[in-house]
Amino acid sequence: MKIKRISEITAVLLFIAFLLLLIFSRRQPLFTDTTMNAFNTGWTYSYQDQEGDTVLPASLDVPKDTEVVFANTIPEEVGDNYALVFRTRMQNVKVYIEDRLIYQYPDQDLIGREIPSAWNFVRLSESDAGQRIRICISSPYTRFSGGISGVQYGEYNNLVTGIISAQIKILRMSILIAFLGMAVVLLSIVSRRYNIFTWHRNLGMLLIVIAVWLCGEARMPSGKVGLEAWHYFALISLLFCPVFLNAYLYARWKDDHGKITGILFYVSLIAAVGCLASEVLGGPDLIEMIPLMHVMIGISLIYALLLYILAARKKQGDFIRSELVCILIIFLAGLVEIMRFYRTDKMVGNFLRIAILLYALNLFRISASMLYRKVKESRELENRLRRSRAELMASQIRPHFIYNTLNSIRTLIRLDPKAAQQAVYDFSIYLRLNLENMGERDLIPFADELRHIRAYLDIEKIRFEERLNVVMDIQASMFLVPPLSIQPLVENAVKHGICTRMSGGTVTIRSYEETDMYVVEVEDDGAGFDVSGLDLGDDTDSAAPSSGNAPDGHIGLKNIRFRVQEITGGTLKIESHPGKGTKVTVSFVKTEVNTEK
């Protein structure tokens, strides 16, 4: 087992190392070996009645819808197939060489009202060298007015390759988060039979939504995906992040904090839908709603951190400490990113991406560990159920009972042939049902179990006659029970309760329906026993005490309780008093039972 565990851990570590290398390893420049050249000095700016010199990148305090002109002279080494590149955020862009317009963004109608951020690749020619260039920008948003990134120039293919190379690591990190989220969702789907990923699925979907937002914020050139797609992917995913976060928190802690979490979920959902409606109906657009998005994310994240802290104090869950550490890192990284955004207007940086990636890796580790542990427990449970069934079947093959029954029938043949005929019929039913119960069925109708009980009691009444009285109060029989879950209890009541008293007694069997369960009671007024020493733990390999009318080593109460609990989710309860009798109550929950165990 140690070798197997070491090999599995080694494989996981190698996989993680490969993913990290895939993200951070450098690529060869495939198009050209020419480097990109910085073109950030010597610029002047002007807008309204303001003008001056500046070094790029620049961020001027400019009112919205105000055109700012950045001007400079194109370097002399510019040749054919050259270009310059710069990035703008939510801005209209026009580029002039002297008085000739050579570039405009957007150059066609866009989807929606916002102007997506873009890399502006402006093609140049050799004749443009030494000419005057003007970059004119304007934005409908005050926050993004007057801002421009650094400018670089070089061969066009080299610029494209350089920008992609610089941004691809960020995109890979975001895609890896999406893959980890999809892996967790897939684990939750294929592992439904184990019922262990009830909240992991919500968290996996949250990671996918976050990854879509981060991919939209990866600042990749729009070669394969359109600018509007990147833009709206990012904004709408950011908008719905609190919705999925609160859905996860509700699924995780529904019993403890369901009411507050449910309210927060609906508030975040209404806020998200309201923002979309405002965008469609001509109100404030999604860019203007970013502060509201940040508020909802902040509230949800603080609430999530609080729930994790409370769960850690109560020691709820095996992995809560590592989750709490990851959530705290995300919270701190998010705080830094929001402060950067409102102070410098910078996009999402790597701090938050790395924090979310750590959380995603930890979640995948948790999910894989839980699945491995559950599969192992399931195999052990199947083995225990198989042993329990074998023990119970063996307990039904009792030579003394068979010999006694055959002797009774032989006596009846001479004294009362008709009664002997009925006894043979009852004995055949008893044996046939025993054989059927040795099959693979985990559940049978209670009516079948009742037939088995009646056949057994009819046989015992031949032996004990007036000493054994039976009362049947059957109000419900249309439900499923494990085979031999009630009949052995009746045998115990007869053998250890009634027959140990010379005067005999009465065995009462009741069944009835409650709101959320079916209940079967087996009660006798026989010898009784002291239940204080009765152990009904999960260890099915040890038998219950044989004092009083407690079951012997073959028909163990532990065995019955274990099968009832694991197959149907039911319970078994015993009440007994020496000299007064015993009552065993078995409850079967009204849920969809798991017949695959």
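When a residue number appears, it is its place in the shown sequence, counting from 1.
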- Before giving the answer on side-chain contact (heavy atoms from CB on, under 4.5 Å), spell out for L357 and L180 the whole-Å C-alpha distance, their side-chain angles and the decisive distance to 0.1 Å. CA-CA 9 Å; L357 179 59; L180 290 170; 4.0 Å; yes
- Task: Mind running side-chain hydrogen bond (donor to acceptor under 3.5 Å, both in side chains) on Y232 and E114 for me, showing each step along the way?
- Result: CA-CA 9 Å; Y232 286 107; E114 290 98 7; 2.6 Å; yes
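- Judged by distance alone, the side chains of Y303 and T261 do bring a donor and an acceptor atom under 3.5 Å apart.
- Taking every heavy atom of both residues into account, V589 and G569 meet most closely at CG2-O, 3.3 Å.
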- Under the side-chain contact (heavy atoms from CB on, under 4.5 Å) rule, what do C215 and L171 come out as? Steps first, then yes or no, please. CA-CA 6 Å; C215 286; L171 182 64; 3.9 Å; yes
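- Looking at every heavy atom in both residues, M289 comes nearest to P284 through CE-CB, 3.8 Å.
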Name each donor-acceptor pair under 3.5 Å that joins a side chain in residues 94-102 to protein atoms two or more places apart or in another chain, with its distance.
unit_1 : atom_1 : unit_2 : atom_2 : d
E98    : OE2    : R132   : N      : 3.0
R100   : NH2    : D128   : OD1    : 3.0

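- For the side-chain hydrogen bond (donor to acceptor under 3.5 Å, both in side chains) test, no residue two or more places apart in sequence or in another chain qualifies with N72.
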- Item | side-chain hydrogen bond (donor to acceptor under 3.5 Å, both in side chains) assessment of N362 paired with S322 | CA-CA 8 Å; N362 186 56; S322 64; 3.3 Å; yes
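- Residues L245 and L301 share a closest heavy-atom pair of CD2-N, 4.0 Å.
- By the 30° and 60° cut-offs, the orientation of the rings of W253 relative to Y308 is perpendicular.
- Screening L84, V85, N40 for a side-chain contact (heavy atoms from CB on, under 4.5 Å) with Q152, the sole residue that qualifies is V85.
- In this structure, R123 satisfies the cation-pi test against Y156, with its NZ or CZ atom closer than 6.0 Å to the six-membered ring centre and inside 45 degrees of the ring normal.
- Pairing each heavy atom of P106 with each of N92, the nearest pair is CD-OD1, 3.4 Å.
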- Let me see the working for D285 and Y141 under side-chain hydrogen bond (donor to acceptor under 3.5 Å, both in side chains), right down to the final yes or no. CA-CA 11 Å; D285 59 29; Y141 310 103; 2.6 Å; yes
